[in-house]
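As structure tokens, the structure follows; a few thoughts come after it.
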Amino acid sequence: MSYTALYRKWRPAQFGDVKGQDHIVQTLKNQIISQRIGHAYLFCGTRGTGKTSVAKIYARAVNCEHPVDGSPCNECDTCRGILSGGSMNVVEIDAASNNGVENIREIREQVQYPPTDGRYRVYIIDEVHMLSTGAFNALLKTLEEPPSYVIFILATTEVNRIPVTVLSRCQRYDFRRLTVDTITARLLELSDAEGIRVEEKALRYIAKAADGAMRDALSLLDQCVAFHYDTLLTYDNVLDVLGAADVSVFSRLLRAVLGDETTECMRLLEEMVIQGRELGQFVTDFIWYLRNLLILKSADDAENMLEMSEENIRQLAEEAEMIDEDTLMRFIRVFSDLSGQLRYASQKRVLIEVALIRLTRPQMEQNLDSILQRLTVLEEKVEKGISPEEMRQMAAQIGVGAAGGSQGDSQPEAVGDPEDARLVTIPKAQLEDLNLIRQDWGRITRELGGAIRPMLRNTFLEPAGDGCLCMVFTDQMEYEYGRKPECLGEIERYIEEQYGKEISVKARLRENGERLDTVYVSDEELKAAIQGIEIEIED
């Protein structure tokens, strides 16, 4: 006996076998039980989600002699006849190859005759969006007022191509993509029934690669089992067969990119090529890896949104701390553009290498994304304590002018000769608050994010009394935003949460010609500095 593919062998035979579409199954069962059966249905959704299977089950259920809780019994003569394909009551039409007006005219002629056995004649038109405009028009009248014994079930993956006139005549049911957990559970069930030895981790990867389609998952499992016949199907085996890469590779690649290690990136790509990985799939998987990072950084309940093990989420959280949202968005945009280019590219590896170089060498590009990434690198170096000379060199290297203030989230450059700087004494408590917030000001403005970050980039902090600091703005527009109570309140709340201090924040605009190089010292420091100095009193 010839071998039957898993997706054909395990096609659902009853409503209870349909997974992940409970909202549709329950509605159809209720219609059977209550005898409130419609005359036209539209099943729409992505491939492999159960549209045709549910249509066939429903066709048997409406004709079944002894339905069980709305499902066909599959034992009576009518059910067996439909299952064997010998019944004239259920007609399945492929609209991709029968999409002309003459095909629809044949249906219109057939519906005039009642069923020889059973109660309904059911027409299942698959891929109905492939019908021509004339065929749709020919179907309209029959679809709107068919004989009482006729049911139309239209199935499509592209509901946007269905005319509105057809949509308005049908009950529409949207089939959802199946979750990874749902597909994995079904694969485990079928593997036990088939005697297939397989790791759950391997099945989970197959379920993820199926992209919400149960049929695709069964086909991929069939392929992997055939390649590793009569052995334990492991996670590594599945990666080999599907040409995919392990998640650890993406972790190593991301760390190499963040470390500007172009050579290491090229070496990792070389490994993928030698192992025979499909480069298009490699790029797609890396985009999903970056997407998971972005969700982890942006969403409050990210752990429940990511279908990953706790160990992988912990590793992902560690890497999320290493990269900011702006840089992450740039990486995703670069690789998303790359994914579109790879479809028609003959030299995929070259394009991926160029993309990796763009990530590790942002100074090679002049677009806004790369400039923001370069500024982020400069800001990090400033926070770690970079000398003014090194800062000027880096600013010149990335093409950012230093005149008029720093472009990073740090204090503006001093104006005037440092030797002429004004010395001001303030109480020790005020100086401690000033130095505490001043040294972390770049990090604070970055973590506040949103619209606040660019507006506070060129601000300068100065003391404004006990428990109060003042932001000095050099730009009128930035000052108008920064002086708003909601902006000041957000900064005050952040300081209280992070430092446990209640410090009020004010804002003012720098005056024309005002110097910003005032040096603040405490009374105690000034007294200590003048002790031991000989004071000469002149006559």
Side-chain angles (χ1 to χ4, degrees), residues 201-202 204-206 208-209 211 220 223-224 227 234-297 306 308 311-312 315-367 369-370 372-374 376-377:
K201 186 178 180 182
R204 194 163 188 83
Y205 186 84
I206 291 174
K208 183 179 178 182
D211 194 23
L220 292 173
Q223 179 182 351
C224 295
F227 191 84
T234 65
Y235 175 68
D236 291 335
N237 296 151
V238 171
L239 294 179
D240 288 337
V241 175
L242 301 184
D246 189 7
V247 176
S248 62
V249 173
F250 303 129
S251 175
R252 292 161 56 196
L253 180 62
L254 178 65
R255 292 172 184 264
V257 169
L258 295 178
D260 295 337
E261 301 174 7
T262 308
T263 304
E264 177 65 14
C265 293
M266 298 298 106
R267 191 184 66 78
L268 289 173
L269 181 60
E270 176 74 16
E271 286 184 12
M272 296 297 100
V273 173
I274 293 175
Q275 293 174 10
R277 307 302 188 195
E278 207 287 307
L279 294 181
Q281 184 64 39
F282 170 76
V283 170
T284 301
D285 289 346
F286 188 54
I287 293 173
W288 272 97
Y289 188 81
L290 296 175
R291 169 258 185 192
N292 291 340
L293 275 173
L294 187 60
I295 287 180
L296 198 62
K297 289 184 70 68
L306 302 176
M308 305 173 66
E311 179 182 352
N312 285 339
Q315 179 179 336
L316 209 63
E318 179 183 338
E319 291 171 353
E321 296 296 326
M322 302 167 59
I323 184 171
D324 62 85
E325 289 90 341
D326 291 337
T327 303
L328 197 52
M329 289 291 290
R330 175 176 180 257
F331 289 0
I332 292 175
R333 277 193 286 267
V334 169
F335 267 79
S336 295
D337 293 342
L338 173 64
S339 180
Q341 297 170 10
L342 290 182
R343 296 180 183 177
Y344 312 104
S346 57
Q347 298 293 334
K348 295 183 178 181
R349 177 176 177 176
V350 175
L351 291 180
I352 298 176
E353 288 175 340
V354 171
L356 291 174
I357 293 174
R358 288 175 62 189
L359 299 189
T360 56
R361 304 280 180 84
Q363 61 268 28
M364 297 176 62
E365 297 186 273
Q366 299 301 319
N367 56 51
D369 286 343
S370 60
L372 288 175
Q373 183 179 347
R374 285 178 267 168
T376 301
V377 173

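Atoms considered below: every heavy atom in the structure, side chains included; atoms not considered: hydrogens, waters and symmetry mates.
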*Any chance you could measure Thr263, atom OG1, to Leu268, atom CG, to the nearest 0.5 Å?*
11.0 Å
*For the side chain of Glu278 and the backbone of Gly280, is there at least one donor-acceptor N/O pair under 3.5 Å apart?*
yes
*Test side chain to side chain contact (heavy atoms under 4.5 Å, CB included) on Leu269 and Leu279 and set out the steps.*
CA-CA 9 Å; Leu269 181 60; Leu279 294 181; 4.1 Å; yes
_Test applied, ring pair (Phe, Tyr, Trp, His ring centres under 6.0 Å); reference residue, Phe335; option that passes from Phe282, Tyr289, Phe286_ = Phe286
_From Leu351 atom CG to Ser339 atom OG, the distance as rounded to the nearest 0.5 Å_ = 11.5 Å
*asked:* Quick check for you: to the nearest 0.5 Å, what is the distance between Glu353 atom CD and Thr262 atom OG1?
replied: 11.5 Å
_To the nearest 0.5 Å, what is the distance between CZ on Arg333 and CG on Leu328?_
10.0 Å
*To the nearest 0.5 Å, what is the distance between CG (Leu254) and CG (Leu359)?*
9.5 Å
_Pair Arg255 + Glu318: basic N to acidic O under 4.0 Å_ = yes
_Any donor-acceptor pair under 3.5 Å linking the side-chain atoms of Gln341 with those of Asp337?_
no
*Calculate, to the nearest 0.5 Å, the distance between atoms CD and CG belonging to Glu319 and Asn292 respectively.*
11.0 Å
*Heavy-atom closest contact (Ala256 atom, Thr360 atom, distance)*: O-CG2, 4.4 Å
*Quick one: does Leu293's side chain get under 4.5 Å of Leu316's, heavy atoms only?*
yes
_Distance-minimising heavy-atom pair for Lys348 and Leu342_ = CE-O, 3.3 Å
*Met266 vs Glu270 side-chain heavy atoms within contact, under 4.5 Å*: no
*asked:* Less than 4.5 Å apart, side chain to side chain, heavy atoms only: is that true for Leu338 and Val354?
replied: no
*Minimum heavy-atom separation for Asp326 to Asp324, with atom names?*
N-OD1, 3.1 Å
*Determine the sole option in Asn237, Val241, Val238 for which the side chain to side chain contact (heavy atoms under 4.5 Å, CB included) test with Phe227 is passed.*
Val241
_Between Phe331 and Leu294, is there a side-chain heavy-atom distance shorter than 4.5 Å?_
no
*Taking only Lys NZ, Arg NE, NH1 and NH2, and the carboxylate oxygens of Asp or Glu, determine whether Arg267 and Glu264 approach each other closer than 4.0 Å.*
yes
